[in-house]
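Right, one structure below, let's go through it.
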Amino acid sequence: MLDPALLRGHLADTARRLAARGYTLDTAAFEAIEAERKRVQTETQELQNLRNTRSKAIGQAKAKGEDTAALMAEVAGIGDRLKANEQALADVQERLAALSLGIPNLPHESVPVGGDEHANTEQHRWGTPRTFDFTVKDHVELGAHKGWLDGDAGAKLSGARFTVLRGELARLHRALAQFMLDLHTQEHGYLECNVPLIVNSDAMHGTGQLPKFEEDLFATQVGETKRYLIPTAEVSLTNIVRDDIVEADALPLRMAAHSLCFRAEAGSHGRDTRGMIRQHQFEKVELVSIAKPSESFDEHERMTRCAEVVLEKLGLPYRRMLLCTGDMGFTATKTYDLEVWLPSQGTYREISSCSNCVDFQARRMQARWRNPDTGKPELVHTLNGSGVAVGRALIAVMENYQNADGSISVPEALRRYMGGAERIA
RNA sequence: GGAGAGGUGGCAGAGUGGUCGAAUGCGCCGGAUUCGAAAUCCGGUUUACGGUUAUGCCGUAACGUGGGUUCGAAUCCCACCCUCUCCGCCA
């Protein structure tokens, strides 16, 4: 959620900055509803004030044993008027909230302006894609060996975009997650967390999945209670500080979790249907930082580096992209994507996304810290990044480390998690 | 799933219809005392929203959540959520 003061005081400028990311803010509608809100709220508060003072007078009169009939008559009509006003206020505030909750974050000034991914700018590359002296196979062909990667079984059990992993490949997948979590918790200073995969509606509103993107989520309903499967552990980790006031010396609060993620992938029909690039269920090691506002952009660089180190230790060539205004997610003010080299596609594919959301999620969550300079609770900044997507990392390892005979070499960093194995075959 | 107890400020804990945003204690901040400290004493110490002739002032709201009764609700009524204890079940 944007700062309401920004919308009230700098509406035209805010609309212009939102337009850079392809969002059209209906300023006339906003101004109309905001004017109504102000009028109704002022009226309501005046009525409440009147009722309070009159009621207090009645109490004092009764205490003195005086007759209260005149006072009672005076206050008679207030109740109904007040009730009507309070209802009107609730209505207008609900409409205002619906509008506000649907407005995306403002892009940071360092973000290039552009409509889609073609305007993203490459920041740097690491590693050199390997040259093969045989015809490379993609991960689906490699995975067909020994039933390692079985899309048909996944479809039988659940439908499209589900996969069964078996044998040494399943073990390699697990090794990747273990390796990443160990790296971030033991070397990068993140606190290991194990979090709920099913969360309530408040949590989904806090990090911005709701109310706008419900169709992207899997939901559960038990009795009257509707809950949602997390599309990323960002939801669980970030909402830990919802409604909290964090002490200054606890910041930055760095948390990491290995979790399952569930995405409905509505609107992705036909994209990446082959293999396990885009699944309804996948695993990810997620990094979340809760930071002081003055430190969040430094923290963003640091977090992105933590993700890059994963790929470097795995020996996977990648590049860092700075997303343009039109390609960023709803909550982000600035996002770096890491793209890993996939030999079968001859291109780089997204494997991590690291975003600074500044106070956008914090305002929705009422997540604050106590600023020692002011003594007041102020909104924190929240950041999240994949460090990294486990399923896509598996694909990258399979394809980049494949051998002519269809076996797959195990990257040095993973061998201790694979009982020392140098290759799987 | 059954039975019971309970949810009040940073914490503990009073308050069962009226001047209660809420006693008291602890903690915290400032001051006095002191060579300094402890102890003691004095004062201060929630948050959100709105207004404003803004480093202040005024108003409104908030005692788990949502409704209801009432001129007036932390207090009475209803529903729900959560926590704890015991029993059952279960990984």
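Per chain, numbering begins at 1; letters A, B, ... match sequence-line order.
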RNA chain B: 5'-proximal contact among A/Glu34 and A/Gln45 (nearest heavy atom):
A/Glu34

Between A/Arg263 and A/Asp216, does the side chain to side chain contact (heavy atoms under 4.5 Å, CB included) criterion hold? Intermediate values first, please.
CA-CA 6 Å; A/Arg263 298 188 182 175; A/Asp216 295 331; over 6 Å; no

Could you tell me how far apart A/Glu378 (CD) and B/U47 (C1') are, to the nearest whole angstrom?
14 Å

d(CG, A/Leu89; P, B/U60) in whole Å
14 Å

For the side chain to side chain contact (heavy atoms under 4.5 Å, CB included) test, which of A/Ile230, A/Leu197, A/Leu229, A/Val390 pairs with A/Leu260?
A/Leu197

Measuring only the P atom in each nucleotide, how far is B/G31 from B/G50? A whole number of Å is fine.
35 Å

Measuring to OP1 and OP2 of B/G10, would you say a side-chain N or O of A/Arg370 lies under 4.0 angstrom away?
no

Describe the nucleic acid contact of A/Pro4 in one word from base, sugar-phosphate, nothing, applying a heavy-atom distance below 4.0 Å.
nothing

Grab the CG-P distance between A/Asp243 and B/C82 for me, whole Å please.
16 Å

Rounded to the nearest 0.5 Å, what separation is found between the CZ atom of A/Arg21 and the CG atom of A/Leu106?
8.5 Å

Applying the 3.5 Å cut-off to both distances, the Watson-Crick or G-U partner of B/G7 turns out to be B/C81

Is it true that A/Asp13 and A/Arg16 have a side-chain N and a carboxylate O under 4.0 angstrom from each other?
yes

Mate of B/U34 across any strand shown (Watson-Crick or G-U wobble, both atom pairs under 3.5 Å) is none

Taking atom P of B/U47 as reference, at what distance in whole Å does atom CE of A/Met365 sit?
19 Å

Does B/U60 have OP1 or OP2 under 4.0 Å away from a side-chain N or O of A/Asn49?
yes

In Å and rounded to the nearest 0.5 Å, what is the OG to CZ distance from A/Ser100 to A/Arg363?
10.5 Å

For A/Arg368, which contact category applies under a 4.0 Å heavy-atom criterion: base, sugar-phosphate, or nothing?
sugar-phosphate

Below 4.5 Å, heavy atoms only, C-beta onward: do A/Arg39 and A/Val92 meet side chain to side chain?
no

In a check of side chain to side chain contact (heavy atoms under 4.5 Å, CB included) between A/Ser236 and each of A/Val288, A/Ile198, A/Thr207, A/Val195, which one passes?
A/Val195

A/Asp244 CG to B/U46 C1', straight-line distance once rounded to whole Å:
15 Å

Atom C1', compared across B/C84 and B/G64: separation rounded to whole Å:
15 Å

Quote, to the nearest angstrom, the C1' distance that separates B/G9 from B/G18.
22 Å

Among the candidates B/U60, B/C82, B/G51, find the nucleotide nearest to the side-chain atoms of A/Gln48.
B/U60

In whole angstrom, give the distance that lies between atom CD1 of A/Ile245 and atom C1' of B/C11.
14 Å

In whole Å, I'd like the distance from the CD atom of A/Glu46 to the P atom of B/C58.
17 Å

Taking the C1' atom in each of B/G4 and B/U60, what is the distance between them to the nearest angstrom?
40 Å

Each nucleotide of nucleotides 65-79 of chain B classed B (base within 4.0 Å of a protein heavy atom), S (only sugar-phosphate) or -, in 5' to 3' order, makes ----S-BS-------

Taking atom C1' in both B/G13 and B/G25, compute the distance separating them and give it to the nearest angstrom.
8 Å

With both distances kept under 3.5 Å, what pairs with B/G27, Watson-Crick or G-U wobble?
B/U45

In whole Å, measure the gap between the P atoms of B/C82 and B/G68 for me.
23 Å

For B/A14, does the O4'-C1'-N9-C4 or O4'-C1'-N1-C2 angle fall within 90° of 0, making it syn, or is it anti?
anti

So how far is it from A/His205 NE2 to A/Leu210 CG, rounded to the nearest 0.5 Å?
5.0 Å

Under a 3.5 Å limit on both distances, the Watson-Crick or wobble mate of B/A74 is none

Begin from the C-alpha positions of A/Leu99 and A/Phe30 and carry the test side chain to side chain contact (heavy atoms under 4.5 Å, CB included) through to its verdict.
CA-CA 8 Å; A/Leu99 188 63; A/Phe30 179 83; 3.7 Å; yes

Apply side-chain hydrogen bond (donor to acceptor under 3.5 Å, both in side chains) to residues A/His300 and A/Ser296 and explain how you reach the verdict.
CA-CA 6 Å; A/His300 186 218; A/Ser296 75; over 6 Å; no

Hey, does the side chain of A/Lys38 come within less than 4.0 Å of B/G50's phosphate (OP1/OP2), counting only N and O?
no

Mate of B/G56 across any strand shown (Watson-Crick or G-U wobble, both atom pairs under 3.5 Å) is B/U52

What's the CZ-P distance between A/Arg37 and B/A61, to the nearest Å?
16 Å

If you measure from the C1' atom in B/G72 to the same atom in B/C20, how many Å do you get, rounded?
13 Å

Across the strands shown, which category fits A/Gln60 at heavy-atom distances under 4.0 angstrom: base, sugar-phosphate, nothing?
base

Pairing partner of B/C86 (Watson-Crick or G-U wobble, both distances under 3.5 Å)
B/G2

Suppose you measure atom P in B/U8 against the same atom in B/U83; what distance do you get, rounded to whole Å?
14 Å

Would you mind pulling out the nucleotide paired to B/A14, Watson-Crick or G-U wobble, both distances under 3.5 Å?
none

Under 4.0 angstrom, heavy atoms only, what part of the nucleic acid is A/Arg363 near: base, sugar-phosphate, or nothing?
nothing

